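Everything on this sheet refers to the single structure shown next.
Within every chain, numbering begins at 1; the chains are lettered A, B, ... in the order of the sequence lines, protein sequences first and strands thereafter. Every value quoted in this text rests on a predicted model; they were computed, and no experiment measured them.
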Amino acid sequence: MKIASWNVNSLKVRLPHLQQWLADAAPDVVALQETKLEDSKFPVDEIAALGYRSVYSGQKTYNGVAILARGEITEVVTDIPGLDDPQRRILAGTVGGVRVVNLYVVNGKAVGDEKYAYKLDWLARVRDFLAEEIVRYPKLVVLGDFNICPDDRDVYDPVAWGEDILCSPPERAGLAAITALGLADSFRLFEAEAGHFSWWDYRQAAFRRNMGLRIDLILISDALKSLATSSVIDRTPRTWERPSDHTPVALELAL
DNA sequence: ATGGTCGAATGTCGA
């Protein structure tokens with residue numbers, strides 16, 4: 001089973017890339033972020049034509065998450081229980097016995113900004129939700145755009161970046177509180193080296209210069225760790241014409 | 001030193 005995550009930065013603009021990538025990479029499940037589409041405008045038919053079912057929780061202009069899968073997607077959840085949040089940033093579903101939780105974590109703008117406070121609170125709420133999910137669903141995958149670099153290996157210039165947004169200690173602590181539930185950063189099960197990124201700014205020719213960050217993560221529970229056979233970043237779509245600023249990441253499970 | 005690029009929208013914000 002191949003499970004992927006991709007922040008498409010507008011599904012309307014990126015639909016051709018998604019169609020191409022589904023055909024090339026043939027994932028069983030894909031979590032999308034920043035679809036920026038109202039549910040009534042989700043391209044269900046175009047995606048069905050490629051053999052995928054869709055569930056989605058969208059909003060106009062901002063945010064929006066979706067899960068596409070070859071199999072049936074059940075037990076869908078679109079909100080953190082108890083959190084009244086109009087921003088569409090979380091979507092959970094069960095596919096082939098695996099619980100998939102798709103996250104579009106708050107960016108936060110800058111350390112100290114009110115959006116930063118919202119980010120830290122949102123992360124804490126997600127942690128509490130996942131603490132319940134992992135009990136109910138031992139085979140748990142939590143993936144998406146985390147908007148946090150796990151450590152300095154995930155930053156092109158960690159000295160220059162310092163403790164700014166996406167790398168501040170409270171953000172990393174928020175992520176650590178989630179991994180401490182028993183959720184491993186699957187990419188690091190296979191690759192220890194620095195310099196592997198999933199996002200590059202559109203400005204300053206950042207992709208060409210590999211000035212990127214690894215902020216798109218696939219976390220897996222202990223029950224799935226022994227089944228993981230690879231976890232990679234697929235840079236190819238970032239080389240295409242008019243790309244998303246993020247490129248897909250993908251996990252292979254022996255399931 | 002400061003702004004640089006996209007997307008959605010058509011001002012300007014969010015990333």
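- Hydrophobic clustering keeps A/Val126 apart from A/Val65 (ILVMFWY residues linked when any side-chain heavy atoms are closer than 4.5 Å, directly or through intermediates).
- Of the P atoms belonging to B/dC6 and B/dT2, the separation is 24 Å, rounded to the nearest Å.
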Side-chain atoms of residues 26-35 of chain A: list all donor-acceptor pairs with protein atoms under 3.5 Å, sequence neighbours left out, distances to 0.1 Å.
residue, atom, partner, partner atom, Å
A/Asp28, OD2, A/Lys2, N, 2.8
A/Gln33, OE1, A/Asn7, N, 3.1
A/Gln33, NE2, A/Ser5, OG, 3.1
A/Gln33, NE2, A/Ala31, O, 3.4
A/Gln33, NE2, A/Asn102, OD1, 2.8
A/Glu34, OE2, A/Asn7, ND2, 3.0
A/Glu34, OE2, A/Tyr104, OH, 3.3
A/Thr35, OG1, A/Gly64, O, 3.4

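- Rounded to whole Å, the C1' atom of B/dA9 lies 12 Å from the corresponding atom of B/dG14.
- One interatomic measurement links the two molecules: CG of A/Asn7 to P of B/dG7, which rounds to 12 Å at whole-angstrom precision.
- The stretch residues 42-55 of chain A participates, sequence neighbours left out, in no salt bridge (Lys or Arg N to Asp or Glu O under 4.0 Å) pair at all.
- The separation between A/Arg88 atom CZ and B/dG14 atom C1' is 18 Å, rounded to whole Å.
- A donor-acceptor contact under 3.5 angstrom links the side chains of A/Asn210 and A/Trp200, judged on distance only.
- Distance A/Asn147 CG to B/dA15 P: 8 Å, rounded to the nearest Å.
- Rounded to the nearest Å, the gap between the C1' atom of B/dA1 and that of B/dG11 is 27 Å.
- A/Leu166 has its CG atom 13 Å from the C1' atom of B/dG14, to the nearest Å.
- Within the nucleic acid shown, A/Tyr104 comes within 4.0 Å of sugar-phosphate atoms alone, with no base atom in reach, counting heavy atoms only.
- When the options A/Lys225, A/Arg172, A/Arg214 are evaluated for a salt bridge (charged side-chain N to carboxylate O under 4.0 Å, His left out) with A/Asp185, the one that passes is A/Arg214.
- The main-chain N or O of A/Arg242 is found under 3.5 Å from a side-chain atom of A/Arg14 such that the two form a donor-acceptor pair.
- Distance, A/His17 NE2 to B/dC6 P: 13 Å, rounded to whole Å.
- Look at CG on A/Asp113: it is 11 Å from C1' on B/dG14, rounded to the nearest Å.
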Let me check something: any side-chain donor-acceptor pairs from residues 107-117 of chain A under 3.5 Å, sequence neighbours excluded? List them with distances.
residue, atom, partner, partner atom, Å
A/Asn107, OD1, A/Lys109, N, 2.8
A/Asp113, OD1, A/Lys115, N, 2.8
A/Tyr116, OH, A/Ser168, OG, 2.8

**OP:** Would you sort out whether A/Phe187 and A/Leu251 count as a side-chain contact (heavy atoms from CB on, under 4.5 Å), showing the intermediate values?
**Re:** CA-CA 8 Å; A/Phe187 183 78; A/Leu251 166 77; over 6 Å; no

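- Taking atom P on both B/dC13 and B/dG3, the two are 15 Å apart, rounded to the nearest angstrom.
- Here A/Asp216 pairs with nothing under the salt bridge (Lys or Arg N to Asp or Glu O under 4.0 Å) rule; sequence neighbours left out.
- If you take CZ of A/Arg238 and C1' of B/dT5, they are 10 Å apart, rounded to a whole angstrom.
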Give each protein N/O atom lying under 3.5 Å from an N/O atom of nucleotides 1-4 of chain B, with the pair distance.
residue, atom, partner, partner atom, Å
B/dG3, N2, A/Gln204, NE2, 3.4
B/dG4, N2, A/Gln204, OE1, 3.3
B/dG4, N2, A/Gln204, NE2, 2.9

Can you pull every protein N or O that's under 3.5 Å from an N or O on nucleotides 8-12 of chain B?
residue, atom, partner, partner atom, Å
B/dA8, OP1, A/Ser10, OG, 2.1
B/dA8, O3', A/Thr61, OG1, 3.4
B/dA9, OP1, A/Thr61, OG1, 3.3

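- At whole-Å resolution of the value, CG in A/Asp145 and P in B/dA15 are 10 Å apart.
- Side chain of A/Glu191 to backbone of A/Glu193: a donor-acceptor contact under 3.5 angstrom is found.
- Separating the P atom of B/dG4 from that of B/dT12 is a span of 16 Å, rounded to the nearest Å.
- Mapped onto DNA chain B by nearest heavy atom, A/Glu34 and A/Tyr202 fall at different nucleotides, with A/Tyr202 at the one closer to the 5' end.
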